[in-house]
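Heads up: the structure comes next, in structure tokens.
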Amino acid sequence: MTFLRSVVGKLWFTIIFLVTFILFILTVMLLEFFENNTIMGTKNDLTHQAEKIANVLENHPDEQFPLGLEISWEIIDEVTNVVIIKNDQEVYFSPNSEKSVKLSVPDIQNDIELSKVFEENRTVEKVSKLSINESDQDAAKYSIIGVPLHIDGQNGAVFIYQSLEVVEETTHSTTNFILLVAGVAIILTTIFAFFLSTRITAPLRKMREAAFEVARGKFDTKVPILTHDEIGELATAFNQMGRQLKFNMNALSQEKEQLASILSSMADGVITFNRDGTILITNPPADRFLQYWYYEKGGPHTTSEEIPTEAMELFQRAVDTEKEQIGEISLQGRHWVILVSPLYSNRFIRGAVAVLRDMTEERVLEKMRKDFIANVSHELRTPISMLQGYSEAIVDDIAESQEEKKEMAKVIYDESLRMGRLVNELLDLARMEAGHIQLTLDEVNLYSFMNRIVHKFQGLARENDIYLSADLENDLPNVLFDPDRIEQVLTNLIDNAIRHTPQGGSVRLLVKADDLGIKVEVSDSGSGIPEEDLPFVFERFYKADKARTRGRAGTGLGLAIAKNIIDAHRGHISVQSKIGQGTTFSFLLPRK
């Protein structure tokens, strides 16, 4: 069955069927033609012989009649029998009639067709059996011809008959010959069909194998071009198709990789939905958004097909109205703005794409801006109120003595210095954060630089009964940095350490070198910073608990300025602290 389903089997079966059908029709027609032609020829020959015998007998009457009979017997062949009826009393049979069935006179006279020779005086012909029993299936049929005979004024007849077995033998021989020719033709046709089909199907099999290879992804597979006919043109077209398919697949792969790179590098999240709301494509920011959603809605038990209800409502409205929809979602303390736009396939909507923008930083910055304005207003309100109050006291002559006026004037002076310091620090911080900080780099000797700063704070440390020390590693190299800015950082750190260290405590400055650069630590034995406040110590206007602070309070900008200065030097600043054990601020200045 596999062979018959193949191209070779179908082609072979088709050719054999056509050839067999044509030969069958041709055989039937030829046999019919030969049979009719043979019978007609036999009849014509018998009629001609009968007429010739009648002629001979009519030309040899009376005493010459026996000679006529002899001549008549010479005219016929061995398979032909003759019955000559001269009159009712004289009937002559050919000599070879003794060997076969004779045509008797009663049979002639009783036969309607044959008797017409005597009655109508005309030639008659008939195909019949000579056997008395007409139902005898084995009896042979004979072709009988009757010709009128006129001798001496008497009406006689010459009947000549011949068995049709000769015709049947001729037909059988012809049939055998035709069948032999048909068999040879079928064999030759089979050989030709297999040869032709092999020539046709061999390239087709190669193309099938090549097609399977292409289906496996080997687009550079080629079919050998063995001929220059339609099969060869098909192989050429197949090879061109393979090259074009490889080119198109490479182009699609490049576009896919480019799209994947664009999506993965986008800061905004992208989610592509199918028409039924199924997620098709996501990028890493969108995956993080979904992870926040899954965590908030049940963690690992949440299926990956679920999306936030707000996003699903936006998707449904975008599909229904065919317009962009904007919404906002808050998850795990983060804020996203979602823009959902419908996706079209020709004129029909096939889904939607959602763009998620993380607005957390913007919200934090907005909050910081508002807090900054509130903090600045708060910081300026106190000195301004004090300036206003003490100046009004002086103007209204509330202070009676000169000493009271000087004391009020000193408070006004201190508050004005505080306001000036706050404004200058705000301006410095604004310039630093805007990237306008200018560093004057110089190669500095760390021993003299650090000892000078420690010496500057020795007086303040002694006043507060605090032990201030410096520990510098041996063989410290000279380092390139801005000495004024680094002095500003150290001044801020040491001043904070002294103010947050109780009497009898200690402040230590440690300087050491490592592979990355120079590491500087300022540690104290003060009250420490609460753990929940550690992430915010470098923010603007951060202030420690006043109960933990001795003396005047700062503006809350010093550490923010210090962080910006260290960042400008491509360094890093950090803090470590425990309640009741002290605080350590450390920063790293890179060698380059």
Side-chain angles (χ1 to χ4, degrees), residues 259-274 277-343 351-378 426 429-430 432-435 530-543 556-557 559-560 563-564 567 575:
L259 178 60
S261 299
I262 293 174
L263 287 177
S264 61
S265 61
M266 287 179 62
D268 296 336
V270 177
I271 303 177
T272 303
F273 298 98
N274 203 353
T278 305
I279 297 177
L280 298 178
I281 300 174
T282 59
N283 65 341
D287 291 335
R288 290 193 294 270
F289 167 77
L290 294 175
Q291 290 300 322
Y292 283 125
W293 160 258
Y294 300 150
Y295 180 80
E296 187 168 296
K297 296 302 178 181
H301 301 290
T302 305
T303 61
S304 59
E305 297 296 328
E306 294 183 4
I307 60 173
T309 307
E310 297 86 347
M312 195 62 193
E313 292 176 355
L314 293 174
F315 163 78
Q316 198 61 47
R317 286 205 301 268
V319 171
D320 294 340
T321 62
E322 298 186 9
K323 294 181 180 179
E324 291 182 350
Q325 302 294 326
I326 300 177
E328 187 171 339
I329 297 178
S330 297
L331 294 173
Q332 296 293 304
R334 304 194 68 85
H335 306 274
W336 282 273
V337 173
I338 301 181
L339 174 64
V340 181
S341 302
L343 287 178
V353 59
V355 179
L356 301 96
R357 174 161 296 179
D358 190 349
M359 302 296 292
T360 306
E361 298 298 330
E362 285 78 359
R363 297 295 170 82
V364 171
L365 292 176
E366 180 67 19
K367 184 177 182 302
M368 289 177 62
R369 183 184 65 82
K370 293 179 180 179
D371 292 344
F372 174 76
I373 295 174
N375 290 330
V376 170
S377 301
H378 176 74
L426 285 173
L429 185 59
M432 292 177 185
E433 292 182 347
E531 183 178 354
E532 62 271 13
D533 290 340
L534 284 176
F536 309 104
V537 295
F538 295 107
E539 291 185 3
R540 291 173 293 184
F541 297 107
Y542 169 78
K543 293 182 181 180
L557 299 174
L559 291 178
K563 184 178 184 303
N564 279 275
D567 290 341
V575 60

Seminar exercise, completed: Rounded to the nearest 0.5 Å, the CH2 atom of W336 sits from the CG atom of D358 at a distance of 5.5 Å
Seminar exercise, completed: Residues passing the side chain to side chain contact (heavy atoms under 4.5 Å, CB included) test with L343, sequence neighbours excluded, are T272, R350, V353
Exercise. In Å and rounded to the nearest 0.5 Å, what is the CZ to CD1 distance from R357 to I338?
Worked result: 13.0 Å
Problem set entry | Side-chain (N283) to main-chain (D268) donor-acceptor, under 3.5 angstrom | yes
Exercise. Measuring from T282:OG1 to I271:CD1, what's the distance to the nearest 0.5 Å?
Worked result: 7.0 Å
Exercise. How many angstroms lie between CE in M312 and CZ in F273, if you round to the nearest 0.5 Å?
Worked result: 7.5 Å
For this session: Kindly indicate, with the supporting measurements, whether the criterion side chain to side chain contact (heavy atoms under 4.5 Å, CB included) is fulfilled by I279 and L290.
Result: CA-CA 11 Å; I279 297 177; L290 294 175; 4.1 Å; yes
For this session: Sequence neighbours left out, what pairs pass salt bridge (Lys or Arg N to Asp or Glu O under 4.0 Å) with at least one residue falling in residues 309-318?
Result: none
Problem set entry | With S341, the side-chain hydrogen bond (donor to acceptor under 3.5 Å, both in side chains) member among K323, E324, E322, Q325 | E324
Exercise. Does any N or O in the side chain of N274 come within less than 3.5 Å of the main-chain N or O of G277, such that one atom is a donor and the other an acceptor?
Worked result: no
Problem set entry | Closest contact, heavy atoms only, A352 versus F315 | CB-CD1, 3.5 Å
Exercise. Atom CD1 in I281, atom CG in L259: separation rounded to 0.5 Å?
Worked result: 6.5 Å
For this session: Answer yes or no: is there a side-chain heavy-atom contact under 4.5 Å between I329 and F289?
Result: yes
Exercise. With a 4.5 Å limit on heavy-atom distance, are the side chains of F538 and V575 in contact?
Worked result: yes
For this session: Decide side chain to side chain contact (heavy atoms under 4.5 Å, CB included) for V270 and M266; before the verdict, give the C-alpha distance in whole Å, the side-chain angles of both, and the deciding distance to 0.1 Å.
Result: CA-CA 8 Å; V270 177; M266 287 179 62; 3.7 Å; yes
Problem set entry | Separation between CG of L314 and CD of E328, rounded to the nearest 0.5 Å | 11.0 Å
